[in-house]
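The chains referred to below are lettered A, B, ... by the order of the sequence lines, with proteins before strands, and numbering in each begins at 1. Everything numeric here is computed off the predicted structure, so don't read it as measured data.
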4 protein chains.
Amino acid sequence: MEAEGRLAVPVIAVNEARAERAFNDRFGAGQSVLDGILRATNLLLAGQTVVVLGYGWTGRGVALRAHGLGASVIVCEVDPLRALEARMEGFAVMPALDAAERGDVFITVTGVRDVLRGEHFVRMKNGAVLANAGHFDVEISLPELRAAATGGVREILPLVQRYDLGDRALNLLAGGRVVNLAAAEGHPAAVMDVSFALQALAAEALARGSWTPGVHPVPDAIEREVAGLKLAALGVEIDALTPEQVTYLSSWS
Amino acid sequence: MEAEGRLAVPVIAVNEARAERAFNDRFGAGQSVLDGILRATNLLLAGQTVVVLGYGWTGRGVALRAHGLGASVIVCEVDPLRALEARMEGFAVMPALDAAERGDVFITVTGVRDVLRGEHFVRMKNGAVLANAGHFDVEISLPELRAAATGGVREILPLVQRYDLGDRALNLLAGGRVVNLAAAEGHPAAVMDVSFALQALAAEALARGSWTPGVHPVPDAIEREVAGLKLAALGVEIDALTPEQVTYLSSWS
Amino acid sequence: MEAEGRLAVPVIAVNEARAERAFNDRFGAGQSVLDGILRATNLLLAGQTVVVLGYGWTGRGVALRAHGLGASVIVCEVDPLRALEARMEGFAVMPALDAAERGDVFITVTGVRDVLRGEHFVRMKNGAVLANAGHFDVEISLPELRAAATGGVREILPLVQRYDLGDRALNLLAGGRVVNLAAAEGHPAAVMDVSFALQALAAEALARGSWTPGVHPVPDAIEREVAGLKLAALGVEIDALTPEQVTYLSSWS
Amino acid sequence: MEAEGRLAVPVIAVNEARAERAFNDRFGAGQSVLDGILRATNLLLAGQTVVVLGYGWTGRGVALRAHGLGASVIVCEVDPLRALEARMEGFAVMPALDAAERGDVFITVTGVRDVLRGEHFVRMKNGAVLANAGHFDVEISLPELRAAATGGVREILPLVQRYDLGDRALNLLAGGRVVNLAAAEGHPAAVMDVSFALQALAAEALARGSWTPGVHPVPDAIEREVAGLKLAALGVEIDALTPEQVTYLSSWS
């Protein structure tokens, strides 16, 4: 809307705050997406290949936790810089068509639609698990999955639907809806406290300040205040710069 | 019983098999214990300090997965060799009295009784979580916990009891019973298949062979057969030695 | 200089590019700093406690690799948001005075002076190793280290000086100069290619374009071009968005 | 020799001691093999694919450290149980012929001869690095490598020989000799102290005791004594069992 000149009010992009991305997207979603998959399936992740489609902040968290639970992780990305970061962090990176043949569990976290579609389904292994942790229920193409399921669809566990493709079957979790909300309890309280604090302080800043219409980043002072409060809640103390160090840092001569 | 000369029959120690320890104890319990704690509490493990008491095979799995979910892990052990291994693997190692002051989550996996008791409870942080994944419900001393709870006990979530010690409160999961059985679904099927295969083949070997009374290890051929079958189920192929390599290996000259 | 209004020319901040930070600072320095310490000391890092002072991009790389080599890692930071990220990533976080008593190896990567000074030296363990991977040779206070060394200074290995504090001795690497340059071979070629490509393309963009005086970020197209070239060099292929996905992404309705 | 009835004296298998395997093989060789490769090549391991051939204790250490330095790791094994463990620990497992096409760095740690041979060399990528950390210089077949190098052999760095296969070139480290001894400094002192302590105490036990000819394991009391001494040297304290716990452990009723 801003790009089209149609945003008439000031907005603070709380979802883009560093603290928000670290907590909510990376650590919160990272844990709760895997938690949702385990609750729905009771799969053993060690020894499995998990394909993470999308390496934004949520994708990073999901890849980190899938690896932390013993899975071998493949990342699929369309952005070359993110793809390179994934590779440098030790993950296999490849096109989704290649990953389709190797994965045991597929997790979409891209923010776009039809990330997994007919051409992928027909290459997957029998018994592959499909979960979405991105946008609504559009990242896994349900129309194409239904069309491929010539043998019908059957609910085999409360949140697991088995799509019978004839020569193989695929297991869709939570009907393709966001798996950490549908199959687990969403973000832990220790994540939401940071989100709510950022939202409350940003709303206060908007109300008290004078802002131009458009999208503004969260002021750095708010990020630091929330981070400082969270550290205190965790019982973690840190150092402060000495006056001599402050002088050194601000000098370029 | 064997040590006392009272074991009158042959026994194959399936629980001691390498495949059993790797699958059932390390990877199966490792995942399911953390799964149980997440289901009961929805805690965010990243940023938390998890204390693992006992570094046998199950303890190793629990420490590995707690670390994989982002926790900082402390290990307590009475065996110097295990303690040294834990330290070499990058974990902090210390006596339980010191760990008591630092932990956010405590998990007992020792096989002995009263691992956490009155002297530990009074040093713990307010809100600390206590879970057992070892023997029955005796690893966390329930009598001493009840005695310390001068402010009473209250169920705050289905499997979480809050013990009020006056100046602090501790949260006991599943009444101190084995948390992966009580709060999650126990081992995944991909773990139990290995256990059942070992048990079935060991029983067959006992029935067909001629064995002296006493405890026998699982025959190596059975371990290798089960491992080979599991690899095939995972779709993993491996090499075989060439005849020249077999000759090289069996020679000492 | 820009803040003081004294920057008369356009500058592209290549050092702040995402690709530069990921490669040069995080992965390049992360590996080479540890490499320098191993070459100078042949220490076994497993079982050791490594204290990383500063959690910018280089500090993240150093902490990641120290952990990857088996060390238990403590992070010291003055920025609350960075400190919180370190804690969420599973590291212990504490003030430098507390870390001083626990560390076996100390690595400064802050960009400020006198990070380790007299008050820290007197708390360190006998045999502690001091290395700098930050600014010049000012992060470890050499004047205060010399003043504390009442028992003299002795070179015990080519790049290791032993400072005798009377009741303990500390080992300074490379005279406090940047340890990956002084004791190892600096960044691998696979890091510098990315840096040089960014610099060359940024210089070309400056020469061809029309820029206002001041500090500008690396244009996104250059970052993506360099990342794409590097992926190709690594033999990694990635997907592209479909036209339908591009439309979905650019719509807000 | 024992199997052939030709071992006329008692021998204690110090190399098989748990402490020896953990320290010398896993953590000592794990670190020093990678250290040797970095010193010889200054490669950036992040983003590379490292193939570890052999998953005994040394292979485990090498795989662990290669992963810890950011590489994507493939394991090749002939033993199904070890192969399964590697897979469960999150590594890709495949036959050496398949791994040959994917690896950037190959490390042999098997204890057998001709692990990498002509059929592998012709499938490797241009620029692949070959290192041995196993038996002598026989694990990489030098005769077959020389035969394949129709374009000649050239030393391009002090310990790096470039074999020109016509359409590709392979880089052999240290002439195929053990890379951590040839290109680094072998095991750190903090590894050898454990080895020497085990050897000294085992020799004393042999001299003082009365032993039958044959191979004996290191007595458990010696393992525990060495581990306890090492913990003390690291400044790590641990708990002891209470008398009630000892009673509980020794009872089966």
Do C/Lys230 and A/Met88 make a side-chain contact, defined as non-hydrogen atoms from C-beta onward lying under 4.5 Å apart?
no
Kindly compute the distance separating OG (C/Ser250) from CD (A/Glu4), expressed to the nearest 0.5 Å.
8.5 Å
Check whether A/Arg117 gets within reach of chain C through its side chain, its backbone, both or neither, counting any heavy atom under 4.5 Å.
side chain
Where does C/Thr242 contact chain A at under 4.5 Å (heavy atoms): side chain, backbone, both or neither?
side chain
Option in C/Ala227, C/Ala19, C/Cys76, C/Pro80 with maximal non-hydrogen atom pairs under 4.5 Å from chain A:
C/Pro80
What part of A/Arg87 is in contact with chain C, defined as an atom under 4.5 angstrom from a non-hydrogen atom: side chain, backbone, both or neither?
side chain
Interatomic spacing from CZ in C/Arg113 to OG1 in A/Thr247 - rounded to 0.5 Å
10.0 Å
Does any backbone or side-chain atom of C/Asp79 lie under 4.5 Å from a heavy atom of chain A? Answer side chain, backbone, both or neither.
both
If you take all heavy atoms of C/Asp239 and A/Ala96, which pair is closest and at what distance?
OD2-N, 2.8 Å
d(C/Glu85 CD, A/Phe23 CZ) to nearest 0.5 Å is 9.0 Å
Look at A/Ala3, A/Ala92, A/Gly111, A/Ala22 and state which one has the largest set of heavy-atom pairs under 4.5 Å with chain C.
A/Gly111
Which heavy atom of A/Tyr248 sits nearest to which heavy atom of C/Val138, and what is that distance?
OH-CG2, 3.6 Å
Checking A/Ala83 against chain C: side chain, backbone, both or neither under 4.5 Å from a heavy atom?
both
Does any non-hydrogen side-chain atom of C/Gln245 lie less than 4.5 Å from one of A/Val78?
no
Counting only heavy atoms closer than 4.5 Å, note whether C/Glu237 contacts chain A via side chain, backbone, both or neither.
both
From A/Arg224 CZ over to C/Leu81 CG, what is the distance, rounded to the nearest 0.5 angstrom?
8.5 Å
Among A/Ile238, A/Leu234, A/Val236, side-chain contact (heavy atoms from CB on, under 4.5 Å) partner for C/Leu84
A/Leu234
Among A/Met94, A/Glu225, A/Arg26, which residue has the highest count of heavy-atom pairs closer than 4.5 Å to chain C?
A/Arg26
